[in-house]
**Student:** 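Got a structure for you, questions after.
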Amino acid sequence: MLPTIAREDDAVVMVDQRKLPAQEIYVRCRTAAEVAKAIKTMVIRGAPAIGVAAAFGIALGMRKSTATGTQKFAAEFYKTCELMAGTRPTAVNLFWAIERMKRVFAAAAEAGASVEQIQDRLDQDAQAIHDEDVASCRAMGAFGAKVVPADAKILTHCNAGALATAGYGTALGVIRGAIEAGKHVTVFADETRPFLQGARLTAWELVRDGIETTVITDNMAGSLMRQGGVNFVVVGADRIAANGDTANKIGTYSVAVLAREHDIPFYVAAPLSTIDLNTPDGSRIPIEERNAREVTHVAGTQLAATGSLIWNPAFDVTPHHFISGIITERGIFREPYTESLRAAFDKTPGPKDPAYTT
Ligand code: MRU
């Protein structure tokens, strides 16, 4: 499986996603600060992968701590959590992973664990976050496969693949699951301006897996749909509000509107760690704005006229009524999302739940 991120004794290692597909370079982060910088500068990106990176980064930082007493160690721990929290604001998996590490820390400290024992528990839980993410993606793949047409022409946006997770992918996990279930699949990857995650990353990892992939520029999706070239859309998510409104890579909303116009099912695939029940609707999701240079330049070459103003939101919000279903590791949830998403956390849903699809 594609190695997105791994923990080694003295480092967190990740493939540099800014360099793909031209170069496959692995970055070794030796401190928590280096991991935080890697998240901020998008060496690693994609909501679940950001969460895993933060957890590994916190565990690494604390393993290297020179603090002797538990009080100093605790102060350093909370500072490291803050550092991670300041990297990217939209992907809720980041905050989910930090909160989980805080709970592990608090439980160990309360039980009177030594610094070394706390370090061990942080390491174990960070690895568990990684491993659980792969398992969730595989479960999403199996659930999602069931709603993919037998002869599927799938459009996806950005990269919600192995590179964006600990492995296998969410939206691309559904594609992989459908192929494993024997369906015939061809994929259209929106190039995804301005960072080009679709052209560079989605196409790279799908082609590497031998999956037929056609890259289109973002403005071609409507025409392709009108010609009958797409019969299923699946995308990932950075944060899903309690009512199902979904923040994902900028351009996702346009794809959802186009899918509705052409009567094409539009699915979101994401683990429960992406669902934020504390955010009631999409209007409350913080949207990251990134550097203007991502829009003005491509690979160092200036495209936009000097002096023009630039707007560069990294994400948009797709209102829940455009979403046919939300594919998670616990099944596929549907309208009314306010009820079905809450139920997803309360229990393991079964076939009798109206919002659950097997
Ligand atoms: O800015 P990015 O590349 O981190 O944005 C990634 C996306 O929007 C993905 O679709 C989302 O995080 C889901 S990844 C499984």
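Whatever order the structure lists ligands and atoms in, that order sets their numbers, starting from 1.
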**Student:** I need the single residue from F188, F266, Y267 that forms a ring pair (Phe, Tyr, Trp, His ring centres under 6.0 Å) with F232. Which is it?
**Tutor:** Y267
**Student:** Is there a chain of hydrophobic side chains (I, L, V, M, F, W, Y, each step under 4.5 Å between heavy atoms) that links I154 to I179?
**Tutor:** yes
**Student:** Please tabulate, for side-chain N and O atoms in residues 73-85, each donor-acceptor pair with protein atoms closer than 3.5 Å (sequence neighbours left out).
**Tutor:**
residue : atom : partner : partner atom : Å
E76     : OE1  : S65     : OG           : 3.1
E76     : OE2  : S65     : OG           : 3.2
T80     : OG1  : E76     : O            : 2.8

**Student:** Between R28 and E8 (salt bridge meaning N to carboxylate O under 4.0 Å), is one present in this structure?
**Tutor:** yes
**Student:** Which heavy atom of A189 sits nearest a heavy atom of G198, and at what distance?
**Tutor:** CB-O, 4.1 Å
**Student:** What I want to find out is whether R193 reaches D218 closely enough, with some N-O distance under 4.0 Å, to be called a salt bridge.
**Tutor:** no
**Student:** For ligand 1, list every N/O pair with the protein closer than 3.5 Å, one pair per line with the distance.
**Tutor:**
residue  : atom   : partner : partner atom : Å
ligand 1 : 1 (O)  : R88     : NH1          : 3.4
ligand 1 : 1 (O)  : R88     : NH2          : 2.8
ligand 1 : 1 (O)  : K249    : NZ           : 2.7
ligand 1 : 3 (O)  : R45     : NE           : 2.8
ligand 1 : 3 (O)  : R45     : NH2          : 3.3
ligand 1 : 3 (O)  : Q197    : NE2          : 2.8
ligand 1 : 4 (O)  : G46     : N            : 2.9
ligand 1 : 4 (O)  : R88     : NH1          : 2.8
ligand 1 : 8 (O)  : D238    : OD1          : 2.8
ligand 1 : 8 (O)  : N248    : OD1          : 3.1
ligand 1 : 8 (O)  : K249    : N            : 3.2
ligand 1 : 10 (O) : N248    : OD1          : 2.6
ligand 1 : 12 (O) : A47     : N            : 2.8
ligand 1 : 12 (O) : D238    : OD1          : 3.0
ligand 1 : 12 (O) : D238    : OD2          : 3.0

